[in-house]
Structures are given as structure tokens and as C-alpha cells.
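By convention in this document, chain letters (A, B, ...) are assigned in the order of the sequence lines, proteins followed by strands, and residues within each chain are numbered from 1. Note that these values count all heavy atoms, side chains included, but never hydrogens, waters or copies made by symmetry.
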Amino acid sequence: MEEERLVTQVTPKSEDFSRWYLDLIRRTELADYAPMKGMMVIRPYGYAIWENIQRLLDERIKASGHVNAYFPLFIPEGFLRKEMEHLQGFAPEVAWVTQGGADELEERLAVRPTSEAIIGFMYSKWVKSWRDLPVLINQWANVVRWEKVTRPFLRTTEFLWQEGHTVHETYDEAQAETLRILDMYRQFVETELAIPVLYGRKTEQEKFAGALATYAIEALMSDGKALQMGTSHNLGQHFARVFNIRFEDHNQSLQYAWQTSWGVSTRLIGALVMAHGDDSGLVFPPAVAPFQVVIIPISIGNWKENTLPRAVELRSRLERVGIRVFLDDRSEYTPGWKFSEWEMRGVPLRLEIGPRDVKNNQAVAVRRDNKEKLIVSLDGVEAKIKGILDGIQASLFDKALAFQKENTCQVSSYQEFKSVIENKRGFVQAFWCGSEECEARIKEETMATIRVIPLEEEKNQKGKCIFCQKEAGTLAVFARSY
RNA sequence: CGGGGAGUGGCGCAGCCUGGCUAGCGCGCCUGCCUUGGGAGCAGGAGGUCGUCGGUUCAAAUCCGAUCUCCCCGACCA
């Protein structure tokens with residue numbers, strides 16, 4: 001009880017999840033509101049997480065044969081108009097540049113909401129032969145979507161992301177790439193962010209505007225709502241046909257190319273907050289935490305002479321083995337204040353060093369995830385800390401997985417479906433006949449949408465549609481979502 | 001974009017209905033002393049043209065209008 005009162009500037013999570021989320025983000029300095037609608041500043045503590053995400057994901061992107069490039073921020077209106085479904089999907093949220101300096105532009109420029117159009121145009125110039133394929137390019141960029149409703153990290157007018165854009169000879173290759181990336185995202189999110197995901201195909205209603213098929217990873221936040229964390233699209237030949245991306249194949253026949261695109265965004269930071277955070281604040285998995293360890297010297301007596309040097313030494317020992325450490329040697333705050341502060345900021349492991357510890361050649365380690373306290377000898381401390389951090393990473397995932405399992409259920413009647421969505425939330429598996437009407441009516445009546453049709457469920461399933469009772473071959477996963 | 005709520009020092013709020021003298025309070029911040037193993041104490045101090053623009057009035061945080069931003073609930077979305 002007393003402990004929960006420590007963080008007085010943040011609404012408790014159990015009391016009001018939405019306010020907890022917003023309070024926490026500002027109080028811990030992940031982000032702050034900018035004065036323009038829907039825009040935010042990602043502050044250094046939040047941006048550090050993005051840099052870790054970038055570094056770790058970029059490694060995976062490159063390891064799978066992709067290279068980085070950069071395309072223009074602006075897209076001529078005519079380019080967006082080429083693919084009708086794409087245009088219709090994005091038109092309501094495109095920001096336009098109509099003027100350059102004092103002169104009105106002849107053709108207005110879209111601030112990219114996504115880059116398929118401009119990249120499609122460039123690819124048509126670069127792809128001529130089967131020997132040019134595959135093209136495997138990724139870009140790290142910002143995009144702008146003029147959304148009606150915004151929320152820090154989850155949906156902002158401008159956001160940062162990576163978008164991969166590939167070109168292939170055949171449908172099969174494009175489809176293989178689409179699924180390979182989906183799996184890469186799954187592994188990345190589960191390994192580095194410690195968030196378990198469901199993955200599968202999106203319905204026609206939910207797919208990317210202009211794609212043949214969209215696949216996504218979806219995770220459950222701790223309020224029981226789902227969050228789409230990444231998407232991978234098989235674009236088919238839609239963009240190739242309108243941008244004329246053609247190549248001569250092995251038989252000297254001219255073919256339209258097959259494409260994919262895929263992305264994850266700064267939304268992942270919001271997911272970290274909502275998936276792992278608790279009443280004491282943020283809880284970051286060590287893999288992406290801005291600081292993995294915070295060292296707090298216990299300031300008693302002439303601690304600057306006796307204790308601080310040991311803390312400094314400990315910091316360099318840990319840094320030498322690649323651990324991100326912050327030594328909080330500020331004398332204006334008490335140790336107790338620092339404990340709470342760094343707990344709120346989600347640092348995975350706290351190391352306390354006081355006179356007792358100096359005498360015994362040890363430190364007191366306190367895990368953020370379970371508040372467990374343990375004495376760690378400074379002999380071989382590097383390996384021990386690494387071991388603890390690995391343990392935290394693993395147990396955060398296990399905890400989130402247990403939560404996901406507890407909050408996933410299969411229902412067989414519409415009554416049950418409505419009751420679970422209304423009261424317990426979480427993922428709800430139910431048979432669906434495949435009709436858009438049933439999907440739409442369910443959404444209208446329950447606010448739940450089909451998050452994914454799990455890959456392994458796509459075949460060999462038989463049941464009755466939860467809504468219309470007709471024969472259904474698809475076991476879909478429904479949830480209310482962000 | 002529709003419905004509702006809200007903008008007052010960094011944060012959380014009071015004051016507004018019923019206009020009036022120096023715009024208050026808690027936390028935070030600054031200085032000093034003293035403390036420091038779970039958000040210490042005392043003393044002194046700084047900081048606000050009350051979101052913005054306009055109107056009414058002798059006089060506006062307060063009344064009226066417009067506008068910007070935030071939050072909640074819906075329609076749209078990474």
C-alpha cells in the first residue's frame with residue numbers, strides 16, 4: 001500500500017489505464033506533447049529505446065540480406081493516384097504541400113504516409129532483368145498520417161518507422177519474403193521486447209490499402225486490448241502494374257514484378273509501456289532498456305570518499321562488458337528517492353552500494369520485475385549481472401506469455417463471445433464464415449475486430465460461424481484493439 | 001469528424017456561478033544549514049500579462065464570441 005503511494009504523480013494503472021499510460025509517459029520523460037495537434041517530442045529517455053530497437057532490428061534486417069536506402073519525403077500527387085485502392089485508403093489522412101517558398105506548386109506533393117508509390121516509381125527505373133532481382137531495400141524514416149484521434153506513441157500524426165520494400169520474380173518468392181519478415185518481426189518482438197505475439201493474416205477489411213494480402217503480429221496489452229505491432233504485406237503485382245515495374249525473365253518474356261512491403265514503428269515503445277508496466281511505473285526488458293543497470297551509492301557519512309569510488313569502479317567494470325549503466329551520484333537526492341525514481345523509469349536492475357557492501361566486497365541487487373533483493377559479490381560481478389539481466393528478460397516474456405494465455409479463450413456461442421469481449425477482454429478465438437457482413441456486424445455490436453487469422457488455423461478447421469451459424473472453415477482471433 | 005469534459009508558475013488543483021484592491025494552495029525548483037540503507041527537516045527565495053485572439057465594461061482569470069490544444073466516448077487508422 002505504502003509503496004504504491006510513492007509514485008504520486010502518476011495515476012495508478014489499476015484505477016485508470018489510459019491516464020496511467022499518459023501520466024507515465026510524461027512523468028518518466030519518454031515523450032512530451034508538442035503544441036501542434038497529434039504531435040509529440042520523443043525525449044532522450046524515449047529516443048534511447050528507439051535507438052536500441054533500431055540497432056537490434058537493423059541487425060536482423062541486414063542479416064536477412066536487406067540493405068538500407070533513403071527515399072524522398074515528398075510524393076507527387078499523381079503517383080498516389082495510380083493505385084486506386086492505395087489512394088482511397090490513404091487519401092483521408094494525407095498532408096499536402098501546395099506551396100514552395102512564395103510559389104504555388106503546379107502539382108501538390110504528399111508528405112509520405114508510406115512510400116510504396118515513390119519507391120514503385122524508382123523501382124520501375126531500376127528493374128529491367130531477372131538479374132536485377134530480388135531488390136531487398138529497407139528505409140528508416142518518418143511518415144505523416146493526419147489521424148483524427150491520436151495518442152502518444154500509439155498513434156501520432158508523425159511517426160518514425162522502418163519500411164522494407166522488396167521486388168521478386170514470382171508470387172511464391174514474394175509470399176515467402178512476406179512470411180519470412182513476419183517471422184523476423186515475431187522473433188524480434190518476442191526476443192528483444194519480451195512481448196509474445198499472435199501472428200497471421202488480416203481480413204480483406206483490415207488489410208493494407210493496395211496489398212494482395214496483409215500479415216500482422218498482434219500482442220495483448222495488460223488492459224486486455226490488442227495492439228498491432230507490425231505488418232508484412234504481399235503487394236502482388238498491384239504496384240508493379242501501375243508503375244510499370246517489369247523485367248525480362250529467363251525465357252525472354254516480359255513480366256510484371258512481385259512486391260512486398262513491411263514495417264514496424266515507434267508504436268513499439270507504447271507497446272513496451274502497456275505490456276510490461278505496473279503501478280510503480282515502467283518496466284523495460286533489458287535488451288532495449290535505455291539503462292540496464294542503475295547504481296545507487298548509499299550516501300552516508302563521507303560516502304564520496306569511501307563509497308563512490310567503488311561505485312565508479314563498478315560502473316566501468318560493467319560498461320566494459322557492454323552493459324548500459326547509469327551511476328546516480330547526485331547528492332541532492334536521498335537513496336530512497338532514487339530507488340522510487342528509477343523504478344518508475346523502468347530500469348531492470350538496481351545496484352546499491354553502501355558502507356556495509358564496501359566492507360563485504362558486495363552490492364545489493366534489486367530486480368525491477370519482481371522486486372527481489374539479492375546480495376551479489378563483486379568477484380566476477382560482470383557475469384552475474386549479465387545472468388540476472390538475462391533472467392529478467394526471460395521472466396518478463398514468461399509473465400507476458402502467461403498473461404496472454406490467461407486472456408485467450410475459444411468461444412462457441414455469440415452470447416459467450418459478447419460476454420468475454422465486454423467483461424474479460426483479451427483474445428477470443430471463434431469460427432468465422434468469412435463473410436464481410438458478419439465481420440462488420442460483430443464489430444458494430446461488440447467493437448471487436450478480427451485481429452488475425454492464425455497461419456496454422458488457415459486450413460483444416462471446421463465449425464459454425466459465431467455470428468451466422470453457417471459452416472465456417474476459419475478460426476479467427478478477435479479482440480478490441482488500439 | 002460527431003458527442004461530452006478541460007486549459008490558471010514545471011506538475012496537481014482552488015478562485016470563475018455573483019467582474020473590483022497584491023491571483024492563492026500542495027508538490028517541485030533555487031540558496032543555505034543539516035541529513036541520506038525506501039521519495040528527510042528547518043530557514044529564506046524565485047517563478048504566472050490565468051491557452052490564444054477579439055468583444056462587453058470605469059474595471060475581465062471571472063461575462064460574450066472565435067480559435068488552438070489536451071482528455072474521454074463513438075466513426076477512421078502503424
Contact letters for nucleotides 71-78 of chain B, in which S counts primed atoms plus P, OP1 and OP2 and B counts the base, heavy atoms under 4.0 Å: SS-BBBBB

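Residues A/V358 and A/T334 each lie close to RNA chain B; by heavy-atom proximity, the contact nearer the 5' end of the strand is made by A/V358. Both A/K37 and A/E352 sit near RNA chain B, but only A/E352 has its closest nucleotide nearer the 5' end.
If you check distances only, the side chain of A/R350 does reach the base of B/G38 with a donor-acceptor pair under 3.5 Å. In terms of polar N and O atoms assigned as donor or acceptor, the side chain of A/S299 comes within less than 3.5 Å of the base of B/U36 in a complementary pairing.
Contacts of A/Y123 classified as ring-ring contact (aromatic ring centres under 6.0 Å, His included), with partners at least two apart in sequence or in another chain: A/W126. Applying the side chain to side chain donor-acceptor pair (under 3.5 Å) test to A/T114 and every residue at least two apart in sequence or in another chain returns A/E116. Remark: A/W342 pairs with A/D328 by the side chain to side chain donor-acceptor pair (under 3.5 Å) rule, at least two apart or across chains. Contacts of A/H66 classified as ring-ring contact (aromatic ring centres under 6.0 Å, His included), with partners at least two apart in sequence or in another chain: A/W262. Legend: residues meeting side-chain contact (heavy atoms from CB on, under 4.5 Å) with A/Y33, ordered by chain and number and at least two apart, are A/L22, A/R26, A/P152. Applying the side chain to side chain donor-acceptor pair (under 3.5 Å) test to A/E51 and every residue at least two apart in sequence or in another chain returns nothing. With sequence neighbours excluded, the residues satisfying side chain to side chain donor-acceptor pair (under 3.5 Å) with A/K62 are A/D58.
Between A/E206 and A/R201 there is no salt bridge, since no side-chain nitrogen of the basic residue lies less than 4.0 Å from a carboxylate oxygen of the acidic one.
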Considering only nitrogen or oxygen atoms on both sides, find all protein atoms under 3.5 Å from nucleotides 48-50 of chain B and state each distance.
none

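The aromatic rings of A/W20 and A/F17 lie tilted to each other, with the angle between the two planes from 30° to 60°.
Between A/E29 atom CD and B/C11 atom P the separation is 12 Å, expressed in whole Å. Remark: P of B/G37 and CD1 of A/I353 are 16 Å apart, rounded to the nearest angstrom. As rounded to whole Å, 11 Å separates atom P of B/A40 from atom OH of A/Y333. The distance from atom CD1 of A/I25 to atom C1' of B/C70 is 14 Å, rounded to the nearest whole Å.
With P as the reference atom, B/U49 and B/A6 are 24 Å apart, rounded to whole Å. Look at the P atom in both B/C58 and B/C13: the space between them is 37 Å, to the nearest Å.
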For residues 216-226 of chain A, run the donor-acceptor check on the side chains, cut-off 3.5 Å, and write out each pair with its distance to 0.1 Å, sequence neighbours left out.
residue, atom, partner, partner atom, Å
A/E218, OE1, A/R451, NE, 3.0
A/E218, OE2, A/K202, NZ, 2.7
A/E218, OE2, A/R451, NH2, 3.1
A/S222, OG, A/K13, NZ, 2.9
A/S222, OG, A/M274, O, 2.7
A/D223, OD1, A/K225, N, 3.1
A/D223, OD2, A/Y482, OH, 2.5

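The side chain of A/P335 sits closest to B/G37 out of B/G38, B/G37, B/A40.
With pairs defined as Watson-Crick or G-U wobble and both atom distances under 3.5 Å, the stems of at least three pairs that touch RNA chain B come out as B:1-7 with B:68-74, B:10-13 with B:24-27, B:29-33 with B:41-45, B:51-55 with B:63-67.
For residues 84-93 of chain A, the pairs satisfying salt bridge (charged side-chain N to carboxylate O under 4.0 Å, His left out) are A/E85-A/K207, with sequence neighbours left out.
No engagement by A/G263 is indicated, since no non-hydrogen atom pair under 4.0 Å with the nucleic acid exists.
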